[in-house]
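Written out below as structure tokens is the structure these notes cover.
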Amino acid sequence: MELSNEFNLKEIEQTTKNYLSKVDLKKLIDDSPDKMDKIMFIEGPPTLNGEPHAGHLRGRVFKDLWYRFNTLNGKNVVFNAGWDTQGLPVELQAEKELGITNGKSEITTQEQVENLVAQCKKIVAKFHEKWIDVDKKLGMSFNQENAYWTYKNEYIEREWKLLRAAHENNILTEGYRVVAYCPSCQTSLSHSEVNQGYEIVQDPSLYYKVKLQDEDAYFIVWTTMPFTLVTDAMVGFNPDQEYVYVETNNEVWIIGKTRLEEFMKEIKVEDYKTLKTVNGADFEGKKYIHPLLDNISALEKMSKQENYHIAVAEKFVDVNTGTGIVHLSPANGEDDYNIAMKRKVEIFSPIDDEVKFTDEAGVYAGMFVRDADEKIVQDVKEKNALVKIGKIKHKYPLCWRSKHKLVWLARREYFYMLDRLGDKAINAAQKVEYFFDQPKNRFLEIIKEKHPWCISRERFWGCPLPIWKCVECENIERLFSRKEIVDASDDLPDGPDFELHRPWIDRISIKCKKCNSKMQREEFVLDTWHNSGVAPFASLSDDEYGKKIPAPFFTEGIDQTRGWAYTLLIENVILNNKDTAPYESFLFQGHVLDEKGNKMSKSTGNVLDASDLLTEYPVDLVRFYFMWKSSPIETLNFSVKELMSRPYQILSTLFHIHLYFRQNSQYDVFDINQTTVSWAKEKGLLGPTDTWLLSKLQKTVDNCTELNKKCKFHESAKAVEDFLINSLSQIYIPITKPELWDDDESKKNRRFAIYAIIANALKQLDILLHPFSPFISEYLYLTTFGNKKSILLENWPKADKSLVNGKIEESFDMMNDAVSVCAAARMKGKLKRRWPLNRAIICIEKGEREKMELLSDLLHTQLNVHTCDIIELEHHTGLAELLEMKKADIPIVPKVDLQRKAIGPKAKQDLGKLLEIFAETDAETIIESLDKNGTFTFDINGNKISLDTDDFIIDFDVQEGFAFFKRDNLIGIISTVRNEELMSKGLLKDLARRLQSLRKERGYNPTDMLNTASILDLEQESLDMLKDKTEELAFLVRVKQVNFTKTCKEYKDDDIDGQKIKIAVE
RNA sequence: GGGCUCGUAGCUCAGCUUGGCUGGAGCGUUCGACUGAUAAUCGAAAGGUCAUGAGUUCGAAUCUCAUCGGGCCCA
């Protein structure tokens, strides 16, 4: 591989990929004696139901960065890929592709399930290919051969082991959960599916009354779903709101105060009287009589329970709708269900899979629940409990697929009762390092909730629940392994090696041990989060798991706080029945948004396809940009324009310094491996600039290392940027350039010292940058150093404390400030930087002279002046500063103005006159007087007005022939007058620069020695100035001779401060 | 609706713990300069109601409360 002369990131990327494809990097790392410390990484598996987009890339880059950083730090990282394959999204996609439009209700036969599962596998395979492609493009170091797949038999059997542990630790239970359910598709819907389908629909609006058991009064209750009266268990009041007793038609009604008037208007009752007002909380526990008990005998039985059909005070009750009193149906509402759970109210759910009432629902048995609405209203009326039936239009969720109105149903499910874990999960979570406080607090809060986790799903494509129930005696068999299933079965239609999925597992015939009847598997699969959360255990062997889990570092998007991060932790705690997380640290990553900060979504069309992005733009740049732009936990607004600006410049600079190094060091036949920094140090070849750079480098290395460890990757990238641009490129290279151009054999050692330093800095930069931008760093390393077959086999640099020199760094920073201030002064005097000047004066803080003088030679060259005076000043404003400067013989003149606000009261009516006199008074005179007496007195026709120092605004300006600039307490003054000698030197530099750029234009190498440089049409005056300087000019532009008459062929027109000239080189 | 969290220049952030000089830096922009590696670099300028409002205080970007807006999760 050869270092190209052209900077082309895409080409570099390709070259590196070609090279790496021929190298068995994994084997080289495995064989490397420096990298024996084996550590485990567990990949958070992407769900294979879509193509990767720009947002996915960020997470992958974090992972790969961590891999490379650790590999360089002597670790052998087990970095297996992993793929999440099951779950609802994949299944829905498969349904769509198979043309199933009515969901689960269309899938009734085993053949259909088999087809569905086959389709799911096809989808997974398709997207797997896309992801692999992107991983390749991105330079992910994943071991794809050892990738784990969440749907594989081995994985499922490991997952069952967790289930067994949960059962044995009494965490696994059966119970109810209220889910949104589509009666048409016969499927429960996830929250996100429900959220997709809100529309304005018309529903009945039923007001009915229920009598209190111990009072002669009625609650007026409102519902839009009359059928839920069948499952009514409580009515709710808001504890903090007022309710009123009103008398109308010889009855006492109880209604929320806020809605009273509106409600009465709505039911057209004008004649009513308010009796008293009470708080919602006062109703707590009051028993009422459900109007339809005669029709529903099972409900009547329920109502005998103490906590059934009572009023409850709950904060969520909204007093702004209906009557401010709501009825609660735990079997048909989520909030209702949660309250029932909290209050340990038994769930009455007489509804079957087809959403029809069962026999328990009495007279309503067999009716589809929503069809019962009408009859129930009728019955309420018959029982004389109807207040009003009307219609209402409101927002209500419809099934996104069938557009059918959803209903909420309590379904029998399996749960992990997390409260039974005690504080184990919290303790485990507290031991983890999260790098940032923000996600940590949230994570801990979530874990403290200890919500029961519903792990069962009524679907097909997932890890099946291996629990069988006898259809006759309800005896339960839990068979948590293939062997147990095989042993328990009396018929295995697919043989003992059947696939552990539906439909195959459902074909197995098992007879009840107790009554010898048929056993039926509980037709659930497990939550896909359960499936992925068991990855550390399921993707490893017992031995690996025991030794390598907890693993040091996991990372995933911030949305996974309640997702993967949570299930990983919970499942690991259950598995071990101990407070251990499977990870020692977890980095939550912020999401990627578009340029303007909008969420990337298909509907807005601002999604950036990962593959396209990586094809079009340099991968090194994309990776660097992701890490460099913002803190890992922050959201990142992705802008292609920004990507191509600063990050490009950084990589470009690094490349060009490598090129510069090669061009120069090759010319001197420098061998990196022979001549090192320690050699230069031993030989005493290091000057202050070298010491300074090396010192900065050590700090950069230290910084980057620490920051990477703390996941402050953006700061780490910025530390690299700072050193590369501000220290190496901006200062070190230009300062040492003249030394490198000097061909003198006697100064060769000095040149070698510089080469060694640049080489040392570049090699370390390559390594520091490698985790961010693997291709270019690999390329630069291989083409410039290449001691090993890959940069990954190198060792992460360690700061050499003996090279740190704080004193020199301080001096250098001061010098740079001084140079910058003088550059500004030059600007004011319109003097180019390359024109040498006679004199500079630099005023600094008291006590800093020593630091400044440490680098005085360098200061002279940098300032491009003959002499430079350094003056310490104690004062930095006003009179004191001025006097001090005068005392030091600095060529300044005082500038004095009046402090108008202060003198007004003193001069009063004489102000005008005073101003006149002031205008005619020499500033020097005022200063002298202030210095001597502390006052200056104006004599206005005998009226003496005495002003003191504070009445004046005192500043300074420089004398003619000087220019100055002041920043903070630093003042730079330069002489602007140029004599003939200075003019001619300036002219020389001007000409040299023009000839040099012409050389470049014509494609000559900087090191090529050319024959002739020609300059035509110079004015006589200029020619005279250059008389003695032709040799110097020839040296500067690297030619054998310079002439001022026509000898060359191709001339270029140029312009030098107004003189039209022609120049040529050949 | 609830929890967590963020809000300082066009962008990325520092300052907030412990209130106190004129709220800083880098990038980006504009103008000027420099440049024999560079889309590098140097100089100058423009750019801020420190989200809004109230409170505490002699004094608030900083402490307190409320509101608004963004994000994630949950409902």
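Worth saying up front: this structure is predicted, and the values here are computed from it rather than measured. Labels below follow one simple rule: chain letters A, B, ... track the order of the sequence lines, proteins then strands, and each chain is numbered from 1.
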Can you check the [X] [atom1] to [N] [atom2] distance for me, whole Å?
{"X": "A:Y648", "N": "B:A37", "atom1": "OH", "atom2": "C1'", "result": "13 Å"}
{"X": "A:L654", "N": "B:A39", "atom1": "CG", "atom2": "P", "result": "15 Å"}
{"X": "A:N5", "N": "B:G36", "atom1": "CG", "atom2": "P", "result": "18 Å"}
{"X": "A:H658", "N": "B:A40", "atom1": "NE2", "atom2": "P", "result": "19 Å"}
{"X": "A:F435", "N": "B:U5", "atom1": "CZ", "atom2": "P", "result": "20 Å"}
{"X": "A:E721", "N": "B:G26", "atom1": "CD", "atom2": "C1'", "result": "7 Å"}
{"X": "A:D559", "N": "B:U5", "atom1": "CG", "atom2": "P", "result": "18 Å"}
{"X": "A:K629", "N": "B:G10", "atom1": "NZ", "atom2": "P", "result": "14 Å"}

Of A:R646 and A:L593, whose closest RNA chain B nucleotide lies nearer the 5' terminus?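 Closest to the 5' end, via its nearest nucleotide, is A:R646.
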For A:M644 and A:H591, take the nucleotide of RNA chain B holding the closest heavy atom to each; which residue's nucleotide lies nearer the 5' end? A:M644
For the side chain of [X], starting at C-beta, report the closest nucleotide among [options].
{"X": "A:Y660", "options": "B:C73, B:G26, B:A37", "value": "B:A37"}
{"X": "A:N637", "options": "B:U12, B:A75, B:U41", "value": "B:U12"}
{"X": "A:E445", "options": "B:G3, B:A37, B:G26", "value": "B:G3"}
{"X": "A:S630", "options": "B:C74, B:U12, B:U38", "value": "B:U12"}
{"X": "A:Q730", "options": "B:C42, B:U38, B:C11", "value": "B:C42"}
{"X": "A:Q663", "options": "B:A37, B:C73, B:C13", "value": "B:A37"}
{"X": "A:Q649", "options": "B:A37, B:G28, B:U38", "value": "B:G28"}

With no hydrogens and no angle check, just 3.5 Å: does a side-chain donor-acceptor pair link [X] and [Y]?
{"X": "A:E413", "Y": "A:Y176", "result": "no"}
{"X": "A:S773", "Y": "A:R623", "result": "no"}
{"X": "A:N664", "Y": "A:Y755", "result": "no"}
{"X": "A:W453", "Y": "A:D527", "result": "yes"}

What does B:C42 pair with, Watson-Crick or G-U, if both distances are under 3.5 Å?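 Across all strands, the one nucleotide that pairs with B:C42 is B:G32.
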Closest non-hydrogen atom pair, A:F443 against A:A429: CE2-CB, 4.4 Å
Does A:S639 reach a base, just sugar-phosphate, or nothing at all? Heavy atoms under 4.0 Å.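 Counting heavy atoms under 4.0 Å across all strands, no contact is made by A:S639.
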Distance-only donor-acceptor test (3.5 Å): side chain A:R442, base B:C72: yes
